[in-house]
Amino acid sequence: MPGLYARESRSVSKMAHLRFFPQAVVGGSGAYLTADDGRQLLDFSASWGAASLGHSHPAIREAVGRALSDQAGASYLSSANEACVLLAEKLLSLVPERARGRVWFGHSGSDANETVARIVVAATGRPRILAFHGAYHGGTIGSMGVSGHPAQQGSRAEGLTLVPYPNSYAAGSPEAARDAALAHLERLFATEVPPEEVAAFFIEPIQSDGGMLVPPDGFFKAVEALCRRHGILIVSDEVKVGLGRSGRFNAFEHSGIEPDIVVFGKGLGGGLPISAVVGPEAIMNHSVAFSLQTVHGNPVCAAAALAVLQTIERDHLILNADRSGKVLREALDRLTARHTLIGDVRGRGLALGIELVTDPASREPASRQAALTVYRAFQLGLVLYYVGVQSNVLELTPPLTLTPAEAESGVAMLGQALADVAAGRIDEALLGDFAGW
Ligand SMILES: Cc1ncc(COP(=O)(O)O)c(/C=N/[C@@H]2CCCCNC2=O)c1O
């Protein structure tokens with residue numbers, strides 16, 4: 001095992017470990033990480049989507065340097081600061097009219113979703129929350145409480161009801177998936193859950209950790225109509241697939257809906273910790289001192305986020321996500337023709353998932369093969385991880401700056417990894433210390 005990784009095991013807790021192979025990095029630039037053994041690793045994960053502009057982006061370096069050269073404190077709890085005001089004004093301009101009220105800043109998608117879960121109940125007086133099976137809204141008690149991912153080690157909130165997310169691959173068609181999921185919701189409101197008791201419905205416009213599930217056409221439009229009919233707030237969790245990654249600024253735009261509350265995180269800070277909740281004033285100003293941590297609204301992280309949004313606009317990174325996403329998708333479709341392990345390729349823009357199955361007919365999850373594939377890819381110089389409620393969906397969330405050439409290079413390495421796994425050339429003992437999810 002490389003030196004730095006071994007040293008880490010003698011000093012750093014494993015509580016945050018979600019490890020798939022002995023990745024240890026000492027630097028990075030653009031879409032590449034520098035491993036501690038000197039290898040250049042093409043990063044198809046971008047640290048689970050957080051490094052939205054890749055690594056060491058000059059716009060972020062410059063913004064952070066400037067913010068630190070004349071630091072306006074470290075928090076917005078008891079002082080306004082210019083960076084947060086500018087960022088809030090920018091985010092308000094990027095959400096639908098319904099959500100264009102006020103902005104709350106946090107550190108992570110978790111604390112943002114936890115805050116939303118608390119404030120919607122407090123502000124509406126409704127005790128229930130809806131969310132999807134397989135949803136990952138965070139790793140804190142309150143955000144896990146409104147999640148539905150089976151890998152999470154925490155309890156669900158008392159007022160939470162989970163419903164099926166439409167899975168077109170499993171159902172055999174988008175239409176079958178959509179109709180079954182909508183019928184379930186209608187039945188739920190008619191028999192178990194009084195809709196007038198539901199404060200909010202947490203949705204992922206593409207369900208990422210649950211398996212990069214793309215909602216069928218018309219599904220969220222029908223959900224929106226149902227929520228409007230019963231006065232249920234729609235919360236779009238854009239933490240992983242938002243900010244241009246899907247090929248639209250907000251991923252919910254693909255479904256043609258207008259959520260009431262929009263949650264940003266991960267890529268918002270370009271690798272620095274900042275999240276945001278954007279919602280109606282009546283909700284967002286319901287209480288003061290309701291959700292706060294000391295360095296929330298940190299002006300340095302807010303400056304980084306402003307630089308991210310400006311760079312996404314200036315460098316047309318939404319268009320790049322669409323174009324490089326198409327190159328990536330086409331290369332993966334060519335790979336599908338050569339590898340029976342690949343059951344499905346899905347996603348939008350640079351949010352893609354590759355479901356691995358032991359048999360295309362049965363669609364049996366190939367979880368072990370997924371673990372071996374990402375390990376082999378790492379050996380070949382490509383970083384990607386897997387998601388899915390069965391841990392069998394390779395997740396591709398590369399930097400929004402990914403070039404077509406980098407896309408092709410990564411897929412070539414992935415193809416080699418799949419071939420090596422399919423041929424039984426990878427020793428399963430390698431997975432010993434790497435439990436993944
Ligand atoms: C749609 C969505 N919403 C909220 C979150 C929580 O964000 P944080 O991990 O920044 O608290 C996440 C985080 N997702 C996990 C983070 C843990 C490692 C597994 N992969 C993820 O992307 C998310 O995907």
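Atoms within a ligand are numbered from 1 in the order they appear, just like the ligands themselves.
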Tell me if the aromatic rings of [X] and [Y] count as close, with their centers under 6.0 Å from one another.
| X | Y | value |
| --- | --- | --- |
| Phe220 | Phe252 | no |
| Phe132 | Phe201 | yes |
| His230 | Phe189 | yes |

Closest contact, heavy atoms only, Pro205 versus Glu238
CG-OE2, 3.1 Å
Could you tell me whether Arg98 and Glu224 make a salt bridge, using a distance below 4.0 angstrom between a side-chain N and a carboxylate O?
no
Aromatic plane relationship, Phe21 with Phe378 - under 30° parallel, 30 to 60° tilted, over 60° perpendicular:
parallel
Applying a heavy-atom distance cut-off of 4.0 Å, which protein residues contact ligand 1?
Leu18, Trp48, Ser108, Gly109, Ser110, Asn113, Tyr136, His137, Gly138, Glu204, Ser208, Asp209, Asp237, Val239, Lys240, Lys266, Trp437
